[in-house]
K.L.:
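Encoded as structure tokens, here's the structure I'll be asking about.
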Amino acid sequence: MKNYTDRELLKRARELPSFEHTPLGYWILGVRSAADNPDEFDDKFYLFKSNKFIMRTFGTTNPGRYGLKNFLDYNSQGCAVMKSDEWYYDLWANGKHKGKIDALVQVASCKYYRDSNKDDKSDEAGKIYEGVIGLNFHTASYLSKSAAQKFVAQLIGKWSVGCQVASSGYDYYRILDYVFRQKRVSYCLLKEF
């Protein structure tokens, strides 16, 4: 994936039709890799406070191979793939992912597709759905915060069937330390450009 300056990311985010304003507090920007390597954490997340870049980490904005192939366990229409090149204002709030780890849980509607062709690529094609379906932001481990500090996941596996997932436990909990002071966290998801 390309490397971007914070200025390039902010410019691209402001060009989106769904852009209304830059959030005043902390917000997360995801960039979905054009490669979409199966089961790899090949995307990036950037934390901003208003216009100021804070940090970057790796993760996935795509479902893993398990979700793409076994979506019938979750939804007969296909695996959820969050629509990119969109702003999702006040999307997440503090909570628990599956009741197990601190996470940002979806509380506002977002746009998504249903991928049902059972290949290794997450497709943004077909009908666009909208709703609150549990597309959370979390890490790829149920380890405690202290135990996760040295953990870096190598494969997406079951960790994403639509969620936005950070691969580094250390980076993930750093992001939470910043954003957990807010009631809501906005998200902008870009395609690699």
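Only this structure's heavy atoms are used, side chains among them; waters, hydrogens and symmetry mates stay out. Since we're looking at a predicted model, the values are computed, not measured.
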K.L.:
Check the pair Lys52 / Asp6 against salt bridge (Lys or Arg N to Asp or Glu O under 4.0 Å), numbers first and verdict last.
P.N.:
CA-CA 8 Å; Lys52 182 182 177 189; Asp6 52 344; over 6 Å; no
K.L.:
Quick test of your reading of the model: are Arg56 and Asp171 salt-bridged, counting only N-O distances below 4.0 Å?
P.N.:
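No, no charged N to carboxylate O under 4.0 Å.
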K.L.:
Drop me the distance from Cys188's SG to Arg14's CZ, to the nearest 0.5 angstrom.
P.N.:
10.5 Å
K.L.:
State the CG-OG distance between Asp115 and Ser122, to the nearest 0.5 angstrom.
P.N.:
6.5 Å
K.L.:
To the nearest 0.5 angstrom, please state how far the CG atom of Asp120 sits from the CG atom of Asn37.
P.N.:
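Interatomic distance, Asp120 CG to Asn37 CG, rounded to 0.5 Å: 10.5 Å.
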K.L.:
Does Thr139 form a side chain to side chain contact (heavy atoms under 4.5 Å, CB included) with Ser168? I'd like the steps, not just the answer.
P.N.:
CA-CA 7 Å; Thr139 192; Ser168 164; over 6 Å; no
K.L.:
Taking only residues two or more places apart in sequence or in another chain, which ones pass side chain to side chain contact (heavy atoms under 4.5 Å, CB included) with Asp177?
P.N.:
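In terms of side chain to side chain contact (heavy atoms under 4.5 Å, CB included), with neighbours along the sequence ignored, Asp177 is linked to Lys145.
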K.L.:
So, for Lys96 and Lys100, which heavy atoms are closest and what is the spacing to 0.1 Å?
P.N.:
CB-N, 4.2 Å
K.L.:
Other than Leu68, what residues sit in its cluster of Ile, Leu, Val, Met, Phe, Trp and Tyr side chains whose heavy atoms are under 4.5 Å apart, directly or through others?
P.N.:
none
K.L.:
Search all heavy atoms of Val132 against all heavy atoms of Ser109 and return the closest pair with its distance.
P.N.:
CG2-N, 3.7 Å
K.L.:
Kindly write out the residues that satisfy side-chain hydrogen bond (donor to acceptor under 3.5 Å, both in side chains) with Tyr187, not counting sequence neighbours, or none if the list is empty.
P.N.:
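Checked Tyr187 against side-chain hydrogen bond (donor to acceptor under 3.5 Å, both in side chains); matches are Gln164.
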K.L.:
Is there side-chain contact between Glu40 and Ile156, with at least one heavy-atom pair below 4.5 Å?
P.N.:
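In short, these two side chains do not touch, never coming nearer than 4.5 Å.
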K.L.:
In residues 73-83, what donor-acceptor pairs under 3.5 Å come from side-chain atoms, sequence neighbours left out?
P.N.:
residue : atom : partner : partner atom : Å
Asp73   : OD2  : Tyr66   : OH           : 2.8
Asn75   : OD1  : Gln77   : N            : 2.7
Lys83   : NZ   : Glu86   : OE2          : 2.9

K.L.:
Can you check whether Cys110's main-chain N or O pairs, donor with acceptor, with Glu130's side chain at less than 3.5 Å?
P.N.:
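Not confirmed, Glu130 side chain does not pair with Cys110 backbone.
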K.L.:
Using a 6.0 Å cut-off, check whether atom CG of Leu24 has over 12 heavy atoms from anything other than its own residue.
P.N.:
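12 or below, so no.
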K.L.:
Is the backbone N or O of Leu189 less than 3.5 Å from a side-chain atom of Ser84, with the two atoms forming a donor-acceptor pair by type?
P.N.:
no
K.L.:
Which residues pass the side-chain hydrogen bond (donor to acceptor under 3.5 Å, both in side chains) test with Lys121, sequence neighbours left out?
P.N.:
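With sequence neighbours excluded, Lys121 shows a side-chain hydrogen bond (donor to acceptor under 3.5 Å, both in side chains) to no residue whatsoever.
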K.L.:
Ser116: what forms a side-chain hydrogen bond (donor to acceptor under 3.5 Å, both in side chains) with it, not counting sequence neighbours?
P.N.:
none
K.L.:
Under 4.5 Å between side-chain heavy atoms, counting indirect links through other Ile/Leu/Val/Met/Phe/Trp/Tyr residues: same cluster for Phe180 and Ile54 or not?
P.N.:
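Yes, because Phe180 and Ile54 connect within a single hydrophobic cluster, where side-chain heavy atoms sit under 4.5 Å apart.
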K.L.:
When clusters are formed from ILVMFWY side-chain contacts under 4.5 Å, directly or step by step, what else is grouped with Phe19?
P.N.:
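Joined to Phe19, directly or through intermediates: Met1, Tyr4, Leu9, Leu10, Leu16, Trp27, Leu29, Val31, Tyr46, Phe48, Phe53, Trp87, Tyr89, Leu190, Phe193.
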K.L.:
If every non-hydrogen atom of Lys191 is compared with every non-hydrogen atom of Asp85, which pair is closest and at what distance?
P.N.:
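Taking Lys191 first and Asp85 second, the nearest heavy atoms are N-OD1, 3.0 Å.
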K.L.:
Please list, chain by chain and in numerical order, all residues satisfying side-chain hydrogen bond (donor to acceptor under 3.5 Å, both in side chains) with Ser33, sequence neighbours excluded.
P.N.:
none
K.L.:
Could you tell me whether the side chain of Trp92 reaches within less than 4.5 Å of the side chain of Ile28, counting heavy atoms only?
P.N.:
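SC-SC contact between Ile28 and Trp92 confirmed.
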K.L.:
Cluster question for you: counting only ILVMFWY and a side-chain heavy-atom cut-off of under 4.5 Å, with indirect links fine, are Val165 and Tyr88 together?
P.N.:
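Yes, Val165 and Tyr88 fall within the same hydrophobic cluster.
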K.L.:
Rounded to the nearest 0.5 Å, what's the gap from NZ on Lys150 to CG on Leu143? Could you check?
P.N.:
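That separation rounds to 13.0 Å.
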K.L.:
Does Phe45 have any ring pair (Phe, Tyr, Trp, His ring centres under 6.0 Å) partners at least two apart in sequence or in another chain, and if so, which?
P.N.:
Phe137
K.L.:
Kindly determine whether Lys44 and Thr60 satisfy side chain to side chain contact (heavy atoms under 4.5 Å, CB included), including the steps that lead there.
P.N.:
CA-CA 7 Å; Lys44 294 179 184 176; Thr60 186; over 6 Å; no
K.L.:
Any idea which heavy atoms bring Ser160 and Gly162 closest together, and the distance?
P.N.:
OG-N, 3.2 Å
K.L.:
To the closest 0.5 Å, what do you measure between CG (Leu91) and CG (Leu104)?
P.N.:
9.0 Å
K.L.:
Taking 4.0 angstrom as the limit, do Lys11 and Glu15 come out as a salt bridge?
P.N.:
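Here Lys11 pairs with Glu15 in a salt bridge, since their nearest N and O are under 4.0 Å apart.
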K.L.:
Could you tell me if Thr61 and Asp43 have a donor-acceptor pair between their side chains, going purely by distance under 3.5 Å?
P.N.:
yes
K.L.:
Checking Tyr142 now: which residues fulfil ring pair (Phe, Tyr, Trp, His ring centres under 6.0 Å) with it, not counting sequence neighbours?
P.N.:
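Ring pair (Phe, Tyr, Trp, His ring centres under 6.0 Å) check on Tyr142 returns Trp159.
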K.L.:
Please answer: with hydrophobic residues joined when any side-chain heavy atoms are less than 4.5 Å apart, are Val185 and Ile101 in the same cluster?
P.N.:
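Yes, Val185 and Ile101 fall within the same hydrophobic cluster.
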K.L.:
Report the residues that fulfil ring pair (Phe, Tyr, Trp, His ring centres under 6.0 Å) with Tyr112, sequence neighbours left out, ordered by chain and then residue number.
P.N.:
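Tyr112 satisfies ring pair (Phe, Tyr, Trp, His ring centres under 6.0 Å) with Tyr129 only.
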K.L.:
Tell me, which pairs form a salt bridge (charged side-chain N to carboxylate O under 4.0 Å, His left out) where one or both residues lie in residues 24-37, sequence neighbours left out?
P.N.:
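Qualifying pairs: Arg32-Glu124.
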K.L.:
Do Asp123 and Asn117 get their side chains close enough for a donor-acceptor pair, meaning under 3.5 Å?
P.N.:
yes
K.L.:
Does the side chain of Ile175 reach to within under 4.5 Å of the side chain of Met55, using non-hydrogen atoms?
P.N.:
yes
K.L.:
Shortest non-hydrogen contact from Val179 to Asn94?
P.N.:
O-OD1, 4.2 Å
K.L.:
If you take all heavy atoms of Asp102 and Tyr172, which pair is closest and at what distance?
P.N.:
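Heavy-atom minimum between the residues: O-OH, 2.5 Å.
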K.L.:
Taking the six-membered ring for Trp, are the ring centroids of Tyr178 and Tyr26 within less than 6.0 Å of each other?
P.N.:
yes
